[in-house]
Structures are given as structure tokens and as C-alpha cells.
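First listed ligand is number 1; within each ligand, the first listed atom is number 1. Only heavy atoms go into these numbers, but all of them, side chains included; no hydrogens, no water, no symmetry mates.
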Amino acid sequence: MATSKGSSIPSSGNSHDHQDDDASFRVNELPRARFWDAMDICQWEGSWFEPGLVKPAVTFRTTFQAHHDDVLLASPPKTGTTWLKALCLCIMQNPIPIATSDIGVNAEAAADDDDDILAKDNPHFHIQTIESMIYATKPHPDLYSTPSPRLFHTHLPYKVLPDSTKNSPGCKIVYITRNPKDTLISLWHFFNSIFRPNGLEPYPLDRAVDCFCSGVHQYGPFFDHVLEYWLESQKRPTKILFLKYEELKREPKAEVKKLASFLGRPFASEEEVEKVVWRCSLERLRNLEVNKNGSILYGVPNSSYFRRGAVGDWKNYLTPELEEQINRTACSKFEGSGLCLEDA
Ligand code: A3P
């Protein structure tokens, strides 16, 4: 899917206790599976990854030193990562110069202000996904020389995060997830566009559901990924904010205020909140030139991050049997955890 250019994850760092450091670790000895008849994935620490991502993940885990004011965003793929990145960029830039007249009809003009980072670059450029930085199409800043507070992102499961991100009292984690059925449909569209472009038949949906439910897909199992962060966020709510895509859609202003407060950047006015919500909206982002063209990751067009963004889109695709298969898997995984992901 993407072309490796060599790791750009910072290698300066300190001691670590994990055995799987760069010297002893052999990716080609890990269990392998074929994903969608299109690419190899391998199993590391109980989860599945594109093989090229494993060494960067190991390096991140074993060398990264968190700062007291770092913000780590985390998510399974296709659950609202791009949206979360855009929101955090805007919130950390706050206060945004604002006039009341900027909201509504004049908002589009205001959005082209020089201060609007989203009009210049795709959100994935400014908040890179650490383990995939090797696939970046443009040079990116060295994480260690980025001014504080540093914002970065990962799709990695909680269990393989660097200890320092878990233990540094000030380092905050924001996790976003989404109901499994819409996540699966979003993944299906995304990988069809990458692996089967130009009118090729889409991958059979029943087989995609099988992969998803068995957990044999990139960063899978999805359900374990979500559950780990959920349980951790319940234990340490001031450390980990757990967001749900559907709640952001339903109550964007309330959720964005919650996010800003968690990041220590509360809004001073309703106008500021409205402006951030609008600037980060799907309809606006997908129509920006920077997102219509180009790509931040090799082989992945920027436009592929923006599709329908609807809650309940799965109803247009899943048969009752496939719906039931996902529901059953979700129930067995989440039972007793208190976690509920609304799906329509
Ligand atoms: P759909 O495929 O259901 O449309 P990720 O960013 O984790 O890859 O997730 C992609 C999903 O988030 C896609 O969902 C995409 O349309 C949706 N999305 C992207 N930007 C969004 C935004 N600003 N607001 C709401 N949804 C957004």
C-alpha cells in the first residue's frame, strides 16, 4: 500500500526494559496472514500490523520519552482520526481571532485567514501518526525538536504504548472510536479505494466482516483495541479522554468543549466553539483544495480520508446476518465493561 523510506521515528531516548528492541527483534519471524488477498500482515503482541510498521512501533515503544505536556491522540483506523486531529490542531491554536460576523455566511471567507492551519495542509501532516511517519510524502519535523506542547497520534493498541506515555503524569491521551459496523463499512470503502481502484469489484463484504470479527486486519482486533483504552480511561479519566464518533456528531459543541477543557484550553466564548466546529466539519474539510488533491502518505490520496461521515451508514450495506455477526462479536467482547457504542 505504501512505500517504505526508512524510519524517521526519533531514536534518541532512554533506557527501556522491553526485550523486543531493535537489535533482537525479527519481524519476519512473526506469525503472518494475508489481508483481503492484497497484503501481508503480521501478529505482534497479540495484534495485527502491516509488517513495515512493526519496527517503527517497537522503536517508538522502547525509546520514546514523553514530556509532561505531551498530547497523544489514539484511535483505531476509520473511527474519526482525521476529525480529531483537525479539532486538536484548532483547539491548541486557540484563541482564534474571531468576529461574530465570521460565523455563518462569512465563515468560509474567514476560514481562509492566514491563521488557519487546516486550509494549508491536511490534518495528518501536522499531527503525524507516529508509526507511519516512514510513509510520509513530505518532510516532517523531528518530534523531539517540535515546540511544546507536542501533539502526536498513534493507531497502536494501549498495551504497546511507550511506558513513559502511560506513566508521565502530565502526558494526556485522547482516544476516539466509533461503532463497529460503521467502522467496518468505512474500512471497506477505504481499502477498496486503495486495493481495488478504477471500478474493480469491491472485496466481498461477507469476507471483510469475517476478517473484522476475527480481528485479523490492520491494528486488529478492533474490539480489543477499543476495550483496552476504554478500561484504562475508566481507571484514569483525567489521563485518558475517551471520545465516541457518534457523540461528536450528535453534540459537536458540547463534545468539543469537553475536549478543549481536557487539553487545558477551554474556550472563552460560544463563538470560538462554533468556529472550531465549523472549521473542522467534514463538508468544509473535504472541499478544501489541500484535501481534494495530493497525499500525505504514499499511496493514500488525501481525499480518501473524507467520505460520508454518517452514523448508521452500515444499514445501506450489511445484511441482517452480517449485522448479527458483528453484534454478536461486540457483545461477547464488551459484555460487562459498561461500554456502549450507539450505532444509529
Ligand atoms: P466514512 O467512511 O464513514 O465516511 P479516519 O479519519 O479515522 O480515517 O476516519 C475516516 C472516517 O471519518 C470517514 O467515515 C470519514 O468520512 C469521516 N470523517 C473524516 N473527517 C471528518 C470530519 N471532519 N467530520 C466527521 N467525519 C469525518
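Taking the six-membered ring for Trp and the full ring otherwise, Y203 and F195 have centroids separated by 6.0 Å or more. Annotation: W230 is not in aromatic contact with Y175 [ring centroid separation under 6.0 Å not met]. Annotation: F262 is not in aromatic contact with F242 [ring centroid separation under 6.0 Å not met]. Ring centroid separation for the pair Y219 and H155 comes in under the 6.0 Å cut-off.
Closest non-hydrogen pair, T81 versus P76, comes out as OG1-O, 3.9 Å. For the residue pair P157 and S47, the shortest heavy atom distance occurs at CG-OG, 3.5 Å.
With hydrogens left out, the protein atom closest to atom 24 (N) of ligand 1 is W83 CD2, 3.2 Å, a heavy atom. In terms of protein heavy atoms, atom 6 (O) of ligand 1 is closest to T82 OG1, 2.5 Å. Nearest protein heavy-atom neighbour of atom 13 (C) of ligand 1: S186 OG, 3.6 Å. For atom 19 (C) of ligand 1, the closest non-hydrogen atom on the protein side is Y305 O, 3.2 Å. Of all protein heavy atoms, the one lying nearest to atom 16 (O) of ligand 1 is R307 N, 2.8 Å.
Between G309 and ligand 1, at least one N/O pair is under 3.5 Å apart. At a 3.5 angstrom cut-off on N or O pairs, D313 does not count as close to ligand 1.
Between Y245 and W83, the ring planes lie perpendicular to each other; the angle is over 60°, past the 30° to 60° tilted range.
Proximity of R178 to ligand 1 is established by a heavy-atom distance of less than 4.0 Å. Remark: distances from the non-hydrogen atoms of K78 to ligand 1 include one below 4.0 Å. Remark: distances from the non-hydrogen atoms of S75 to ligand 1 are all 4.0 Å or more.
Atoms of ligand 1 lying under 4.0 Å from any heavy atom of L285, numbered from 1 in the order shown and given with element: 23 (N). Atoms of ligand 1 lying under 4.0 Å from any heavy atom of S281, numbered from 1 in the order shown and given with element: 23 (N). Those atoms of ligand 1 with a heavy atom of T81 less than 4.0 angstrom away are 5 (P), 6 (O), 7 (O).
The shortest distance between side-chain heavy atoms of N122 and K85 does not fall below 4.5 Å.
For the pairing with E342, the salt bridge (charged side-chain N to carboxylate O under 4.0 Å, His left out) check across K244, R178, K181, R250 returns one residue only, R250.
Using a 4.0 Å cut-off between heavy atoms, Y245 contacts ligand 1 through its side chain alone, with no backbone atom that close. With a 4.0 Å cut-off on non-hydrogen atoms, L282 touches ligand 1 through its backbone as well as its side chain. Only backbone heavy atoms of T79 (N, CA, C or O) come within less than 4.0 Å of ligand 1; its side chain stays farther off. Under 4.0 Å from ligand 1, the heavy atoms of C280 that appear belong solely to its backbone.
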* To do: Using the side chain to side chain contact (heavy atoms under 4.5 Å, CB included) rule, take F334 and L341 through it: C-alpha gap first, then chi angles, then the decisive distance, then the call.
  => CA-CA 10 Å; F334 296 157; L341 297 174; 3.9 Å; yes
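Within the structure, salt bridge (Lys or Arg N to Asp or Glu O under 4.0 Å) contacts touching residues 292-304 (residues at least two apart or in different chains) are E289-K292.
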